[in-house]
Amino acid sequence: MAGRASILRRIRHAMRRGAYLVPTAAVPTAQREALAVVARGLAAEPVDPDELRARIDTLFVEGRIDAVMRLSALGVVAASPAVRDLREASRLAGQQELAALELGGPWRDAYLASADRHRGVIAFLAGRDVVALDWFAKALERQRSPENVGNVLAVLIRLGELAEAHE
C-alpha cells in the first residue's frame, strides 16, 4: 500500500490535470433516472433494503440499468447505514470491477472509478482512513468529479491534513 505522502502527491497530480473539474457524468444518461429511484429509496425512512434490492434487480431485468450499475447500486445498499454489510459491499465492488472490465467501452474508466470509490467508502466506514484515501485517489485519477474530490477532502480532514485539504 502506498504511503500517505505518495497518495498526496498523486492527488495533487490528478488535480492539476486540466483547468477545471468535469461535471459528474459517472452514469450513462439513460440510466440516471432509474438510479434516482434507488437514491430516493435510500433516503426514505425507514429504508427497506430488501425492497431496494428487488427494485434494483427489476431495473436490471427491464434493461433500465446495466450489470455494472446494478452491482454498484447493490453495493450502495450493502454499505448503507440501514445494512452496513461491508463484506457484501466489498464483494460487490470486486464484481463491479470485473463487470466494468468485461463491458469496456466509453464508460469503462467511470465504472472503474465507481468501483474504486466503493472500496474507498468501505475503508472509510471501517475506519481505515489511509486505505480510503488511496482508493479515493485512484477514483480521482480515473475520473475527475466533484464527488471524488469531496471524498478525498473528507478523508484528509478526518486525518487532520487540513493544509493538504485546503491546497
Enquirer: Report yes if some heavy atom in the side chain of Arg64 is under 4.5 Å from a heavy atom in the side chain of Glu33; otherwise report no.
Expert: yes

Enquirer: So does Met69 get a backbone contact from the side chain of Ser72, meaning a donor-acceptor N/O pair under 3.5 Å?
Expert: no

Enquirer: CG of Leu98 to CG of Leu112: how many Å apart, nearest 0.5 Å?
Expert: 10.0 Å

Enquirer: I'd like to know if the side chain of Ser114 and the backbone of Ala110 have a donor-acceptor N/O pair within less than 3.5 Å.
Expert: no

Enquirer: If I take atom CG from residue Leu92 and atom CD1 from residue Ile122, how far apart are they, to the nearest 0.5 angstrom?
Expert: 8.5 Å

Enquirer: Taking atom CD of Glu141 and atom CG of Asp109, what is their separation to the nearest 0.5 Å?
Expert: 11.5 Å

Enquirer: Are Arg108 and Leu101 packed together at the side-chain level, in the sense that at least one heavy-atom pair is separated by less than 4.5 angstrom?
Expert: yes

Enquirer: So, for Leu125 and Ala79, which heavy atoms are closest and what is the spacing to 0.1 Å?
Expert: CD1-O, 3.6 Å

Enquirer: How many angstroms lie between atom CD1 of Ile157 and atom CG of Asp129, to the nearest 0.5 angstrom?
Expert: 12.0 Å

Enquirer: Please answer whether the main-chain N or O of Asn148 pairs with a side-chain N or O of Gln143 as donor and acceptor at a distance below 3.5 Å.
Expert: no

Enquirer: Less than 4.5 Å apart, side chain to side chain, heavy atoms only: is that true for Val38 and Val76?
Expert: no

Enquirer: So which atom in Ala99 and which in Leu71 form the shortest heavy-atom distance, rounded to 0.1 Å?
Expert: CB-CD1, 3.9 Å

Enquirer: Can you list the steps and then say if Trp107 with Asp66 is a side chain to side chain contact (heavy atoms under 4.5 Å, CB included)?
Expert: CA-CA 11 Å; Trp107 291 95; Asp66 63 25; over 6 Å; no

Enquirer: Indicate if Val68 and Val37 have the same hydrophobic cluster label, given that clusters are the connected sets of ILVMFWY residues with side-chain heavy-atom separations under 4.5 angstrom.
Expert: no

Enquirer: Considering non-hydrogen atoms only, spot the tightest contact between Val131 and Ala123 and give its length.
Expert: CG1-CB, 3.8 Å

Enquirer: Quick one: closest heavy-atom pair of Ala139 and Ala113, and the distance?
Expert: CB-O, 3.6 Å

Enquirer: Check whether Arg53 reaches the backbone of Val77 with its side chain - one donor and one acceptor, N or O, closer than 3.5 Å.
Expert: no

Enquirer: Could you state the interatomic distance from CZ (Arg70) to OG1 (Thr58), rounded to the nearest 0.5 Å?
Expert: 10.5 Å

Enquirer: Assess whether atom CZ of Arg128 is packed by more than 12 heavy atoms of other residues, nucleotides or ligands within 6.0 Å.
Expert: no

Enquirer: May I have the step-by-step check of side chain to side chain contact (heavy atoms under 4.5 Å, CB included) for Arg119 and Glu97, ending in yes or no?
Expert: CA-CA 10 Å; Arg119 288 184 171 117; Glu97 179 180 40; 3.2 Å; yes

Enquirer: Which atoms form the tightest heavy-atom contact between Ala100 and Tyr111, and what is the distance?
Expert: CB-CB, 3.6 Å

Enquirer: Donor-acceptor check, side chain of Arg117 to backbone of Glu147, threshold 3.5 angstrom: yes or no?
Expert: no

Enquirer: Answer yes if Phe136 and Val130 sit in the same cluster of Ile, Leu, Val, Met, Phe, Trp and Tyr residues linked by side chain heavy atoms under 4.5 Å apart, and no otherwise.
Expert: yes

Enquirer: Rounded to the nearest 0.5 Å, what separates atom CD1 in Ile65 from atom CG in Leu59?
Expert: 5.0 Å

Enquirer: Minimum heavy-atom separation for Ala137 to Val152, with atom names?
Expert: N-CG2, 4.2 Å

